[in-house]
Every structure is written in structure tokens, then in C-alpha cells.
There are 2 protein chains.
Amino acid sequence: MNECSVAPRMGRQPLTTRAALSHVALRLFLEHGFDQTTVDDIATAAGIGRRTLFRYFPSKNDLPWGDFDAELARMRAFLAATDTTVSLVDALARAVVEFNRFPSEEVPFHRERMNLLLNVPALVAHSTLRYAEWRLVVSDFAAGRLGVAVDAIEPTVIGWVFLGASLAAYEQWLRTDGSNLIELLESALLLLKEGFTSGELPTVGPGGQA
Amino acid sequence: MNECSVAPRMGRQPLTTRAALSHVALRLFLEHGFDQTTVDDIATAAGIGRRTLFRYFPSKNDLPWGDFDAELARMRAFLAATDTTVSLVDALARAVVEFNRFPSEEVPFHRERMNLLLNVPALVAHSTLRYAEWRLVVSDFAAGRLGVAVDAIEPTVIGWVFLGASLAAYEQWLRTDGSNLIELLESALLLLKEGFTSGELPTVGPGGQA
DNA sequence: CAGACTAGTGGCACTCAGTGCCGAAAGTAC
DNA sequence: GTACTTTCGGCACTGAGTGCCACTAGTCTG
């Protein structure tokens, strides 16, 4: 009948949120290490049952990612809203940069999270599945622009190439203290545009800066 | 004293080999599915103890890969033996093609294996760790040629880009019955050289040079 | 208010991957 | 034979992830 909707939901209220759990887990991972932290530890620290935690996140590996699906949706929307006069590569480059822009107070936090995701073997492996979703967003857009199927070779390669450039920038970012992620991303994406074959590689502009 | 060496080894002889176990596992995975096959099943089918199996392979996920380290060593050697007059990109392209050449009777077998590796989520995730080793071979070589550190951005991007192209070719190969892996790889690698899709991405000058 | 309904919670028991320990088995060397 | 070396594999354990089910905390209807 009535679509209750708005504020007063139907059944019992959730005790916590994905974001809160992700935060608690991240803190424990940083304190004691990913492998040393059990799911029980996290559930206890969050004040919920272990069984409940697995209803918020399908696996321990997903905890650091927080609400990645929402981020992906943002990126997809950004691409969809991009003017068609912008070239494919530029559109993707802008979207990638936008996707990785964070309020400055969250940057150190994000840095630690990425540090885990790119260094803990279990997370490195698992991340592939998230990256695949990310690549799909990219190659979906590319396929639309190029007028070919999503699973054609061009969109697929483009998906991989943009992912590679992004991760290379991330690795660089984590390696160098005080470096600027956005600038590194732009450099890496420029490398793509300019093409890396020619004689050598195009020299990238003066790297660092705040 | 005497370094026994040659044929008669010291202690007890191994009951089986990595290759044999990989083969048995692959057969079971194809028959019943990866997730439906337990490590116990594999050990039993191979006639060894479960504990022993874990001495041959560190995890269930490693079984389909067989002796990947040996393959990587081959690729590394191939690159090391490549004439320095061959351009960086060409050298890598040749090595990648060589790395993926198999005797024709093994092709269907290899196809099934890659089908698993690229489709079973657990394996897709785990594969990342193997790919990382592969990328290291590529970026190591690139770093040497470019005279920069392995962890500089150029070799890193190159590693990712070649991996992406290879995997794109593999996906295409698995998708289309009767297609030729080597040809698909060459196409994908050509895309890299040419800079994919004229109209969109900038065409890169005629690659070659020393 | 009671009673129906709905959705989140979490305990329990289970499966399965992976590991440490340790004694047994199967070889070689003397 | 004994000594030594290496592989084997059983046993018990940890920890992730799942199915089941009763319980809790809400809303809705009358």
C-alpha cells in the first residue's frame, strides 16, 4: 500500500554502517597488520557479531575498500556527463583524475588504505576483482565512443592501459613521501597520450611539488 | 665428503612431480569445477596425502599454474639474449609472443587452463600475484634499456601495458573458437606500437630505432 | 494496547584451506 | 648392519566463510 519510504524504515535499524566497519578494520589492520587481525577482532572492536560483519562485507578482503561500488557509480556518472566534444582519451583521463580526488583531510587516510591494498599479498590479489569492475566502467565508455562491442579488443586494451597508468601513479605516490597523487596521475596519463614507443619515453614534466 | 650429486640423490625419492599434480588437478577442475573440487579430492586422485600436496604447491590456487617460475626464467633469458639493435618495444613484443608459443598438441590443454585462470574469481584474483612477477621481468628489462630504476614510472607503465595487451589478447582468444593466440597477441602488441585507434588516440611515430 | 509483519542480529555448527609438529618410510653412505 | 638425509602423511589446530534459526527491534494495522 503506502510506500512508507522516507525516514521511518520498515524493520529493525542496522547497528552500524559499511563505512564505520571499514574504518574500524582499517585501524586494526594498520595497528597489528592485516594477517594478524582476525575477523573476530574486527567484529569485537566494532561491537557486533562476527556473523553480522559478514552481512556487511562478503569477505575480510573487502573491508579496506569501503563502499567502492558507490565510487564506481560516481565515475560512471561523470563519464556519462562528459561533453562529446572531449576526446575519448581526454574524457577518460579527466574521469580518472576526478575519481581519485579526495578532500585533503582524507588524503593521509586514503594513503594508508592504498598502502595496504598495494602491499598485502592477499589484498593485492583480491583487488583484481575490484579493478575488473573499474576497467569495465572504462571500457564500457570507450566502447560507446568507438561504436564497438565492450568486449572488442580496443576497449579492453584501453581499460587495461588506464588501469595500468593509474596503478603506476599510485605506486609512485606511495613510494615518495609528500608527492601529489593528482599530478602523478596526470603525468602517467600524459605518457599514454604521447605514446611510449617513439625513441625512448617522453620525458615527463617536472615531477614533484606540493 | 664426496659430493654424491648426479643420479642417486640423497634421501627418499619424491613420489610425484609438480607437473603431474597440476595435471591431475586441472582434470578435476574441468570435470567438477574449481570450487567444487577440494584439496582432498586432488590429493586422493593423485594418490598422495593432503599434507604432501601442500609441499608441492603452496595453495590450491597455484595448481593450475604448474611450473610458472621456469617459464618466467625462459622469458628472462630470451630478453637477455635479444640483440640490442632491436628496439625496446619490439624486443618485449617478441619475448611476449615467444613466451606464449606452445606445441600445437598442448594448445587445447593450455586453452582450458587459461579459461579457468581468467574466469574463476578465486583464480582471477590469485593470478595477480603471478602477473606481478611477469611484469617485473618486463619492467626489469625496460629499466635496463632506458637506464632508469626499475621502480621508475616508465618501466612500471610498460610492464602494465604489456600485461594488459597480453591479457586482452587472451580474452579475445578464449572468446572466439578456433582463433589463433599468436596472431591475437601480435595484433594487440601492434595496437600498442601504433597507439590504438588513430582518430582517438594520437598515432605514435614509426616505432623503431635503437 | 495486541498482534502481524519486516528487517537486522548473532550464536552454533559446519566445511574447507592452510600450517606446525612429529614420527614413519625410503632412500644413500659407510 | 648403523648413520644420515629427505620425503611422506597423519593429527590437531587456526581462521575464513556459510547455512540455519531463533531472537530482537522496529513499523503497521486495528
Side-chain angles (χ1 to χ4, degrees), chain A residues 1-22 24-25 28-29 32-65 116 120-127 129, chain B residues 1-22 24-25 28-29 32-65 116 120-127 129:
Chain A
M1 286 281 170
N2 55 352
E3 57 268 25
C4 50
S5 52
V6 211
R9 299 177 50 266
M10 232 330 191
R12 175 177 179 173
Q13 261 61 26
L15 283 184
T16 181
T17 64
R18 289 172 62 85
L21 289 178
S22 176
V24 167
L28 291 178
F29 292 158
H32 310 116
F34 180 81
D35 292 324
Q36 283 64 48
T37 308
T38 70
V39 174
D40 275 294
D41 293 337
I42 302 165
T44 304
I48 61 171
R50 163 197 162 77
R51 191 64 186 81
T52 301
L53 194 148
F54 278 113
R55 287 213 186 79
Y56 282 85
F57 289 91
S59 81
K60 180 183 174 186
N61 292 330
D62 284 299
L63 279 159
W65 285 93
L116 282 173
V120 175
L123 294 176
V124 171
H126 182 76
S127 298
L129 304 176
Chain B
M1 288 281 171
N2 57 353
E3 56 268 21
C4 52
S5 52
V6 210
R9 297 176 51 265
M10 233 331 195
R12 175 176 179 172
Q13 262 59 26
L15 281 183
T16 181
T17 63
R18 290 171 61 85
L21 290 178
S22 176
V24 168
L28 291 177
F29 292 158
H32 310 115
F34 181 80
D35 292 324
Q36 281 65 47
T37 307
T38 70
V39 174
D40 276 294
D41 293 338
I42 302 164
T44 304
I48 62 170
R50 164 199 161 76
R51 191 63 186 80
T52 301
L53 193 148
F54 278 112
R55 287 214 185 78
Y56 283 85
F57 288 91
S59 80
K60 180 183 174 185
N61 291 331
D62 285 299
L63 279 159
W65 286 93
L116 283 173
V120 175
L123 294 177
V124 171
H126 182 75
S127 299
L129 305 176

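Below, chains carry the letters A, B, ... as their sequence lines are ordered, and counting in each starts from 1. FYI, side chains are in, hydrogens and waters are out, and symmetry mates aren't considered; it's all heavy atoms of this structure.
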d([atom1], [X]; [atom2], [N]) in whole Å:
X: Arg50(A); N: dC20(D); atom1: CZ; atom2: P; value: 17 Å
X: Asp40(B); N: dT15(C); atom1: CG; atom2: C1'; value: 11 Å
X: Arg51(B); N: dC22(C); atom1: CZ; atom2: C1'; value: 11 Å
X: Arg55(A); N: dA7(C); atom1: CZ; atom2: C1'; value: 10 Å
X: Gln36(A); N: dT14(D); atom1: CD; atom2: P; value: 16 Å
X: Leu53(A); N: dG8(C); atom1: CG; atom2: P; value: 15 Å
X: Leu15(B); N: dG27(C); atom1: CG; atom2: C1'; value: 12 Å
X: Phe57(A); N: dA16(D); atom1: CZ; atom2: P; value: 16 Å

- Item | Smallest separation among heavy atoms of Gly33(B) and Thr37(B), with atom names | O-OG1, 2.7 Å
- Should Val39(B) and Leu53(B) be marked as a side-chain contact (heavy atoms from CB on, under 4.5 Å) after you check the CA-CA gap, both sets of side-chain angles, and the distance that decides it? CA-CA 8 Å; Val39(B) 174; Leu53(B) 193 148; 4.2 Å; yes
- Query: Mapping Gly11(B) and Pro58(B) onto DNA chain C by nearest heavy atom, which one lands closer to the 5' end?
  - Reply: Pro58(B)
- Task: State whether a side-chain donor-acceptor pair under 3.5 Å links Thr44(B) with Asp41(B).
- Result: no
- Message: If you assign each of Asn61(A) and Gly47(B) to its closest nucleotide in DNA chain D, which residue comes earlier from the 5' end?
- Response: Gly47(B)
- Is Gly49(B) touching bases, backbone alone, or none of the nucleic acid, heavy atoms closer than 4.0 Å? sugar-phosphate
- Task: Report the C-alpha separation of Trp65(B) and Ser127(B) in whole Å, then their side-chain angles, then the decisive distance to 0.1 Å, and conclude whether the side-chain contact (heavy atoms from CB on, under 4.5 Å) test is met.
- Result: CA-CA 9 Å; Trp65(B) 286 93; Ser127(B) 299; 3.4 Å; yes
- Message: Distance criterion of 3.5 Å, no angle test: do you see the side chain of Arg12(B) paired donor-to-acceptor with the base of dT6(D)?
- Response: no
- Would Leu129(B) and Val124(A) count as a side-chain contact (heavy atoms from CB on, under 4.5 Å) if you check the C-alpha gap in whole Å, the side-chain angles of each, and the deciding distance to 0.1 Å? CA-CA 7 Å; Leu129(B) 305 176; Val124(A) 171; 4.0 Å; yes
Is [X] close enough to [N] that one of its side-chain N or O atoms is under 4.0 Å from OP1 or OP2 there?
X: Thr38(A); N: dG15(D); value: no
X: Tyr56(A); N: dG8(C); value: no
X: Thr52(A); N: dG10(C); value: yes

- Query: Val39(B) side chain: which of dA17(C), dT9(C), dG17(D) is closest?
  - Reply: dA17(C)
- Query: Where the side chain of Met10(A) is defined as all heavy atoms beyond and including C-beta, which of dC28(D), dT18(D), dT24(D) is the nearest nucleotide?
  - Reply: dC28(D)
